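Here the structure is laid out as structure tokens; the discussion comes afterwards.
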Number of protein chains: 2
Amino acid sequence: MEQYRLFSDEDRRVLNDLTSKRQRQYGAREDIVREGEHSPDIHIVLTGLACRYKLLENGNRQIMAFLVPGDPCDSEIFILKEMDHSIGTLAPSVICSIPGSTMKDLLLNRPGIALAFWWSTLQDEGILRERIIDEGRRDAYSRIAFLIYEVLLRMRMVGVIDDESFEFPITQADLADATGLTPVHVNRMLQRLREEGLIAVQGKTWTVLNPAGLRKVARFDPNYLHLDRARDEPESEAGKRLRGLI
Amino acid sequence: MEQYRLFSDEDRRVLNDLTSKRQRQYGAREDIVREGEHSPDIHIVLTGLACRYKLLENGNRQIMAFLVPGDPCDSEIFILKEMDHSIGTLAPSVICSIPGSTMKDLLLNRPGIALAFWWSTLQDEGILRERIIDEGRRDAYSRIAFLIYEVLLRMRMVGVIDDESFEFPITQADLADATGLTPVHVNRMLQRLREEGLIAVQGKTWTVLNPAGLRKVARFDPNYLHLDRARDEPESEAGKRLRGLI
DNA sequence: CGACGATTTGACCTACATCAAAAGAAGTGG
DNA sequence: CCACTTCTTTTGATGTAGGTCAAATCGTCG
């Protein structure tokens with residue numbers, strides 16, 4: 001979250017405090033909150049990989065967003081009666097939870113932290129909107145390229161990687177659920193991306209061999225991630241490092 | 001916004017005050033804020049119809065959301081350096097603006113109003129997620145049915161209509177931009193919806209002849225709109241009226 | 001009335017889906 | 001360490017929803 005603004009020492013202390021308590025280890029493919037339940041807490045992914053998804057009547061699953069370390073899952077969700085989607089892990093992950101009452105307090109009484117959460121929400125919305133464009137107007141090949149490029153960037157943003165390789169413990173079927181394609185077609189598009197020398201996959205480790213090429217195929221414009229920081233805020237070190245990539 | 005929670009008299013007064021100032025009349029197809037600009041204010045649609053959209057490199061336009069009267073456009077957007085999408089009217093509309101500084105103040109110092117804005121943001125996100133499912137997993141016919149049903153419901157929510165007819169001054173090309181289909185195909189699907197006796201369109205007035213039928217075709221589950229109000233909040237009159245429909 | 005945008009129709013084409021089966025990986029237990 | 005199951009990836013053949021292109025009709029507004 002510090003991507004967006006520098007916290008005061010006090011804010012940072014409060015956040016570190018909160019996230020170090022109430023941690024829980026999840027296995028792969030476990031639900032954190034389920035559609036229809038009320039979620040009294042909010043959750044933050046600390047390590048691993050999670051996603052928002054929804055199961056459809058016909059048994060299909062649509063993954064609507066990936067959640068990488070540092071991502072808060074719905075900072076305001078506790079005010080709702082029930083979840084309109086589920087959140088689950090894709091890989092073994094550590095998730096921490098913060099009680100809704102504490103969140104409410106933070107959002108109303110700690111402007112610095114509230115601002116960071118707002119930024120995160122806005123970024124989330126941006127990502128959702130971009131996915132709509134993706135599905136509406138990009139073909140399968142660019143769509144998958146886009147998704148991979150976005151994950152690369154987000155993993156770099158939060159500092160879990162430093163180069164072009166990242167752990168992405170996901171199956172092609174998951175990717176199909178996220179892109180609205182069939183697993184078969186995802187497979188063919190991935191083959192093409194590999195043939196073109198854009199990416200390489202060994203086991204769960206994905207490597208972007210040609211970031212510029214992948215970005216071009218994806219027609220990726222990172223403005224929706226709002227990496228340019230808030231107005232009138234000094235740039236963080238992490239931000240500077242990231243700028244090399246985009 | 002009162003859909004979500006009842007305001008105190010004081011909150012209502014503040015909001016009425018703010019929205020009655022700084023109103024501006026827009027024609028059809030005018031931009032309110034453009035991608036790339038910084039938006040120091042937030043906007044609220046008072047009458048008419050607006051949308052969020054993005055122009056793509058190839059000239060295509062993707063409409064990502066419709067904004068009906070009462071909808072705040074990005075309550076927190078003023079904290080960002082620049083917009084990642086544009087907001088424009090589809091029909092002549094009255095839009096009011098609230099300065100970012102005032103918004104910040106409201107969000108931090110008026111819990112009642114802040115809560116209503118949070119709810120609106122969460123609903124927005126829900127709508128975006130639903131659109132992703134729509135494009136990813138529903139066929140063209142249900143997709144259009146879904147969109148129409150959602151608009152009907154949202155118009156009823158905010159009380160601009162009382163029955164199954166509503167002003168929806170949109171072209172089939174707009175609808176194509178919103179669904180990720182071609183105008184030609186939108187046309188054929190609309191014909192089918194009319195043949196099946198589900199809807200009728202005369203000019204800019206759309207009528208849902210068979211709400212239950214349309215809802216079934218759309219496989220519409222309204223949980224993502226969170227009409228069930230907040231936890232532990234008494235139900236509003238508007239909410240009760242609406243419940244008949246869903 | 002003329003003109004320009006919106007809707008409609010028809011013919012044809014392609015990206016992706018569907019179905020089915022083979023070939024690899026990878027985990028499990030003996 | 002090997003047989004066995006089960007999940008994942010890959011390949012091939014075939015089908016179809018929706019795209020593309022082009023022209024005709026319909027509305028509406030100056």
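Hydrogens, waters and symmetry mates are skipped; everything else that's a heavy atom, side chains included, is used. Chain letters run A, B, ... following the sequence lines, proteins first and then strands; every chain starts at 1. Since the structure is predicted, the reported quantities are computational estimates derived from the model, not experimental observations.
Looking at heavy-atom distances under 4.0 Å, A/Leu181 makes contact with sugar-phosphate atoms alone, never a base. Contacts of A/Arg137 with the nucleic acid, taken as non-hydrogen atoms under 4.0 Å apart, are absent. If you check every strand for non-hydrogen atoms under 4.0 Å, B/Thr171 touches sugar and phosphate atoms only.
The phosphate of D/dT11 (OP1 or OP2) has a side-chain N or O of A/Gln191 nearer than 4.0 angstrom. A sub-4.0 Å separation between OP1 or OP2 of D/dT10 and a side-chain N or O of A/Asn187 is present.
Distance, A/His185 NE2 to D/dT9 C1': 16 Å, rounded to whole Å. One interatomic measurement links the two molecules: CZ of B/Arg143 to P of D/dG18, which rounds to 7 Å at whole-angstrom precision. Spacing between atom CD of A/Glu135 and atom P of D/dG19 amounts to 14 Å, rounded to whole angstrom units. Between the CE atom of B/Met189 and the C1' atom of D/dA17 there is a distance of 8 Å, given to the nearest Å. Atom CZ of A/Arg29 is separated from atom P of D/dT6 by 17 Å (rounded to the nearest Å). When the P atom of D/dG19 is taken as reference, atom CG of B/Asn58 falls 14 Å away, rounded to whole Å. In this structure, A/Arg138 atom CZ and D/dG19 atom C1' are separated by 19 Å, rounded to whole Å. When rounded to the nearest whole Å, the span between CG of A/Asp139 and C1' of D/dT20 equals 15 Å.
Side-chain contact between A/Arg138 and B/Leu56: absent, with no pair of heavy atoms (C-beta onward) separated by less than 4.5 Å.
By the 6.0 Å contact criterion, CZ on B/Arg194 is enclosed, its count of non-hydrogen atoms from other residues, nucleotides or ligands being greater than 12.
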- request: Determine, stepwise, if the pair B/Tyr141 / B/Glu196 fulfils side-chain contact (heavy atoms from CB on, under 4.5 Å).
  value: CA-CA 12 Å; B/Tyr141 186 54; B/Glu196 310 271 350; 3.2 Å; yes
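Ion pairing between B/Asp174 and B/Arg61 holds under the 4.0 Å rule for side-chain N and carboxylate O. By the 4.0 Å N-to-carboxylate-O rule, A/Asp124 lies too far from B/Arg129 to be salt-bridged with it.
With hydrogens and angles disregarded, no donor-acceptor distance shorter than 3.5 Å links the side chain of B/Ser93 to the backbone of B/Ile95. Remark: the backbone N or O of A/Ile42 is not paired with any side-chain donor or acceptor of A/Ser97 at under 3.5 angstrom.
First and last contacting nucleotides of DNA chain C toward chain B (any atom under 4.0 angstrom from a heavy atom, 5' to 3' order): C/dA6 to C/dA11.
With the nearest nucleotide of DNA chain D identified for both A/Arg194 and B/Val184, A/Arg194 has the one nearer the 5' end.
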